[in-house]
Asker: 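Sharing a structure below in structure tokens format, with a few things to ask.
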Amino acid sequence: MGQRSQWGTRAGFILAAVGSAVGLGNIWRFPYVAYENGGGAFFIPYLFALLTAGIPILIMEFTIGQKYRGSAPLSFFRMEGKKAEWLGWWGVFVAFVISTYYSVIIAWAMKYTVYSFNLQWGDDTTGFLFGDVLNLADTPGQVGGFVPGVLIPHILVWIIVFGILFAGVKKGIEFANRIFIPALVIVFLLIVIRAVTLPGALTGLEAFFKPDLSQLANGTVWVAAYGHIFFSLSIAFAIMITYSSYLPKKSDITNNAFITGFANSGFELLAGIGVFAALGFMAVQNNVPVDEVATAGVGLAFAVFPQIINEFPGMNALFGVLFFLSLVLAGLTSLISICETYVAGLSEKLGISRNKAVLFGAGLASLISLLFSTRGGLYFLDAADYFINQFGVAFIGLIEVIAVAWIFRKLDVFKEHANPMSDIQIGGWWKFSLTVITPLVLGYMMFDLFRTNLGKRFDTETGNYEGYSDAFILGAGWSVAIAALVLGILFTLFKWNRHAL
Ligand code: PHE
Ligand code: NA
């Protein structure tokens, strides 16, 4: 294998890391999570989670990648042999699963960018989404054939991703982020400025920022903050280790982590303001409380926002295009980062070229992902997303900090590695966060998650997540999360190609 790929500039690395972190989660997840969990008061647990878990883990993962200079599996292998390698593969397979369904959401956003030109969704935006666009199957678990209108943009998304991955780390990933991220910032600022100047915006912002301090005594609020930070920063599933493995031998680590963390949070805050200003406008237009229109995820982006855009006082089409374009840009830069985890891992493990790894890895992911372009796609996506995030990302985070801090006892080694080349010096706060605070909070969170899901404590008829049947939860949820772990262990059993080591 030739020379290892490397970022062209420090800014290029930061833009790529921010590009991974800033994703759909910032736009459609954060605003609602904050609103639901204490509004303005949520910023306390949120900042706490950012400073005791998010940024400390980001620093840890940047150090691992930069120090061991390998994909997540190779970096862990170099750290502590096969005892650690499986953690890297586990993260890679979690990333693999996420890439299969994340891609279809970008395809929907592309479709809606085009629909915006003539507000094609009409008045019944919900019916349009689930009927005309997704042609959603009647029952979860039904596959029901491809939906051509989704399949075509979905293939287009993969063509773009293939193009960027084939072009390489510097000429592909760095180049794409250099264009997409500044474009995203401009597009998003335009939307937010328009949103806050709409009539009724203040009503929405009041609802968003109104602090409910009593919520701070509520454990679930703190767990929500931690859970969101993990997802939002793209930590604990191989991404940030992979990206930092392309840093030059001498490069800042800690300051880069702070910049990435705060840039992501800044974007979230901006999105919260924009989304709730727009929701306030809609609530006032329709004479309903904000609570009635506030929501998250697919419904917010593809049903509520089209409705808001319908009611816009002017330039409706333009703002529709800008909003959905921002989803496309935020989504693509995240999707590239997830795919790069398995491109790097496969090429090193098997000793094959980068291009072959793209062809095999992203090739297989794109084929599997077509399941989400079927009539049953949305249900599969929902179950896979919930289980892979809770029992993949958050769970790996817990095992990873325990392994690194308590079992391999690497924190001092990492500190000695990162400090000399970094602007910001890490010390007691960083170690305490990773050895004590994060394991405790995440440990409690995982315990509670297992209890809730195994004990079927959801407030639904079946007691399962979203009220899905046992068979569907088992087949589309649990088995997906467990498969990522099992495949990770299996891959660890194979030998490394000698060229990789
Ligand atoms: N950090 C992303 C977000 O906030 C989530 C993500 C990143 C998901 C990378 C998948 C891959 O939306
Ligand atoms: Na994010």
Side-chain angles (χ1 to χ4, degrees), residues 14-34 46 49-50 53-55 57-58 61 72 91-106 109 157 161 164-165 173 176-177 180-181 184-185 188 224-243 257 259-272 275 296-298 300-301 326-344 361-362 365 369 372 381 384-390 392-394 396-397 480 484:
I14 294 174
L15 283 171
V18 171
S20 174
V22 173
L24 300 169
N26 297 55
I27 301 173
W28 79 20
R29 194 170 186 281
F30 171 80
Y32 189 67
V33 170
Y46 177 85
L50 179 68
I55 290 178
I57 293 177
L58 204 51
E61 294 197 329
V92 164
F93 281 105
V94 164
F96 183 87
V97 171
I98 297 179
S99 73
T100 61
Y101 64 78
Y102 211 74
S103 55
V104 81
I105 303 174
I106 302 170
V157 169
V161 170
I164 293 169
L165 292 175
I173 301 176
N177 277 288
F180 290 174
I181 294 303
L184 173 64
V185 171
F188 212 72
Y226 268 78
H228 181 76
I229 283 292
F230 267 78
F231 179 75
S232 190
L233 279 181
S234 310
I235 48 180
F237 56 119
I239 293 177
M240 291 303 183
I241 295 177
T242 309
Y243 267 12
I259 294 172
T260 307
F262 284 125
N264 178 61
S265 292
F267 201 93
E268 278 185 335
L269 185 60
L270 199 64
V275 165
V298 175
L300 174 75
S326 76
L327 291 185
V328 172
L329 293 172
L332 270 178
T333 49
S334 295
L335 179 58
I336 295 165
S337 74
I338 351 178
C339 297
E340 182 61 20
T341 65
Y342 46 82
V343 169
S369 82
F372 299 105
L381 188 158
D385 181 56
Y386 176 81
F387 277 85
I388 209 76
N389 275 305
Q390 310 297 357
V393 182
I396 297 178
V480 174

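One-based numbering, in listed order, for ligands and for the atoms of each.
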Asker: Work out how many protein N, O or S atoms lie closer to the Na ion (ligand 2) than 3.0 Å.
Answerer: 5

Asker: If you take all heavy atoms of G392 and V94, which pair is closest and at what distance?
Answerer: CA-CG2, 3.9 Å

Asker: Could you pull out the closest heavy-atom pair between L165 and A362, with the gap in Å?
Answerer: CD1-CB, 4.3 Å

Asker: Classify the ring geometry of F30 against H228: parallel below 30°, tilted from 30° to 60°, perpendicular beyond 60°.
Answerer: tilted

Asker: For residues 15-26, which side-chain N or O atoms pair as donor and acceptor with protein atoms under 3.5 Å away, sequence neighbours left out?
Answerer:
unit_1: S20; atom_1: OG; unit_2: S234; atom_2: OG; d: 3.1
unit_1: S20; atom_1: OG; unit_2: S337; atom_2: OG; d: 2.8
unit_1: N26; atom_1: OD1; unit_2: G23; atom_2: N; d: 3.1
unit_1: N26; atom_1: ND2; unit_2: N264; atom_2: O; d: 3.2
unit_1: N26; atom_1: ND2; unit_2: N264; atom_2: OD1; d: 2.7

Asker: Would you say that I173 contacts Y243 through its side chain, given a criterion of any heavy-atom pair below 4.5 Å between the two side chains?
Answerer: yes

Asker: State which residues pass ring pair (Phe, Tyr, Trp, His ring centres under 6.0 Å) with F230; sequence neighbours excluded, sorted by chain then number.
Answerer: none

Asker: Which pair of non-hydrogen atoms, one from A53 and one from Y226, has the smallest distance, and what is that distance?
Answerer: CB-CE2, 3.4 Å

Asker: Which pair of heavy atoms, one from F267 and one from F188, lies closest together, and at what distance?
Answerer: CZ-CG, 3.7 Å

Asker: Would you tabulate the polar-atom pairs, meaning N/O of ligand 1 against N/O of the protein, with distances under 3.5 Å, reported to 0.1 Å?
Answerer:
unit_1: ligand 1; atom_1: 1 (N); unit_2: S20; atom_2: O; d: 3.4
unit_1: ligand 1; atom_1: 1 (N); unit_2: A21; atom_2: O; d: 2.8
unit_1: ligand 1; atom_1: 1 (N); unit_2: F231; atom_2: O; d: 3.0
unit_1: ligand 1; atom_1: 1 (N); unit_2: S232; atom_2: O; d: 2.9
unit_1: ligand 1; atom_1: 1 (N); unit_2: S234; atom_2: OG; d: 3.1
unit_1: ligand 1; atom_1: 4 (O); unit_2: A21; atom_2: O; d: 3.1
unit_1: ligand 1; atom_1: 4 (O); unit_2: N26; atom_2: OD1; d: 3.0
unit_1: ligand 1; atom_1: 12 (O); unit_2: L24; atom_2: N; d: 3.1
unit_1: ligand 1; atom_1: 12 (O); unit_2: G25; atom_2: N; d: 2.6
unit_1: ligand 1; atom_1: 12 (O); unit_2: Y102; atom_2: OH; d: 3.4

Asker: If every non-hydrogen atom of G261 is compared with every non-hydrogen atom of L58, which pair is closest and at what distance?
Answerer: N-CD2, 4.0 Å

